[in-house]
Amino acid sequence: MSDAQLPPRPDFRPGSADPRLNRPVRERYPQIRPTSGYGDPRIRHTGPGPGAGTEQEPERSSKLTARLTLALTVVIGQLWGLSVIVNEWMKGNTGTAWWGAGFLVLSFLVVLGLWLLDPKDR
């Protein structure tokens with residue numbers, strides 16, 4: 001089919017059960033003009049200024065990063081310790097497994113201490 005045989009396209013595509021939302025965009029939002037944005041006097045700032053999105057408190061950020069690194073190190077140690085404990089338990093070395101369980105409890109207390117270290121940071 002050539003362009004001469006096609007019916008004219010509508011200005012909008014209905015897609016809502018609410019008829020007032022099925023109007024063309026320029027009827028729904030008359031305040032948006034072709035020059036909106038660069039020529040609109042109501043717009044004074046184009047967006048966030050320089051440095052937007054960067055850390056405003058680097059000391060707090062470094063403290064949280066250090067605390068997170070310590071906590072993740074302890075969690076990895078706990079996972080390793082758990083695998084060692086399970087292996088020892090399965091071999092029948094229950095004494096070693098109980099010492100390992102003590103290690104896991106101690107490492108949990110270290111993470112809890114890190115969490116309690118600075119309550120105003122939560």
Side-chain angles (χ1 to χ4, degrees):
M1 294 178 90
S2 68
D3 288 333
Q5 297 172 346
L6 292 175
R9 297 182 77 183
D11 288 338
F12 60 94
R13 296 181 185 270
S16 174
D18 189 358
R20 69 183 177 84
L21 296 177
N22 290 330
R23 297 175 294 155
V25 171
R26 60 184 173 273
E27 288 178 20
R28 281 185 285 163
Y29 304 105
Q31 71 273 21
I32 298 177
R33 297 183 298 278
T35 59
S36 285
Y38 66 90
D40 195 338
R42 297 175 295 175
I43 297 175
R44 297 177 186 237
H45 303 289
T46 58
T54 60
E55 181 57 54
Q56 302 298 319
E57 300 177 53
E59 296 85 13
R60 181 176 181 265
S61 176
S62 63
K63 187 169 38 172
L64 291 174
T65 302
R67 202 175 306 158
L68 180 65
T69 303
L70 285 172
L72 288 174
T73 303
V74 170
V75 167
I76 291 170
Q78 284 179 327
L79 291 172
W80 171 79
L82 185 61
S83 66
V84 169
I85 290 169
V86 169
N87 285 338
E88 291 299 318
W89 186 271
M90 297 303 268
K91 289 179 188 175
N93 299 333
T94 56
T96 306
W98 283 112
W99 279 107
F103 167 76
L104 291 180
V105 169
L106 180 66
S107 61
F108 173 75
L109 292 175
V110 167
V111 171
L112 187 62
L114 289 172
W115 183 70
L116 292 172
L117 197 60
D118 199 3
K120 68 179 170 108
D121 239 359
R122 284 183 231 122

Does the pair Leu82 and Gln78 meet the rule for a side chain to side chain contact (heavy atoms under 4.5 Å, CB included), with working shown?
-> CA-CA 6 Å; Leu82 185 61; Gln78 284 179 327; over 6 Å; no
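Remark: Trp98 pairs with Trp89, Thr94, Ala101 by the side chain to side chain contact (heavy atoms under 4.5 Å, CB included) rule, at least two apart or across chains. Remark: Thr96 pairs with Glu88, Asn93 by the side chain to side chain contact (heavy atoms under 4.5 Å, CB included) rule, at least two apart or across chains. For Val111, the side chain to side chain contact (heavy atoms under 4.5 Å, CB included) criterion is met by Val74, not counting sequence neighbours.
Put simply, CG on Leu104 and CG on Leu79 are 9.0 Å apart, with the number rounded to the nearest 0.5 Å.
Taken together through direct or relayed side-chain contacts under 4.5 Å among Ile, Leu, Val, Met, Phe, Trp and Tyr, Trp80 and Ile85 form parts of separate hydrophobic clusters.
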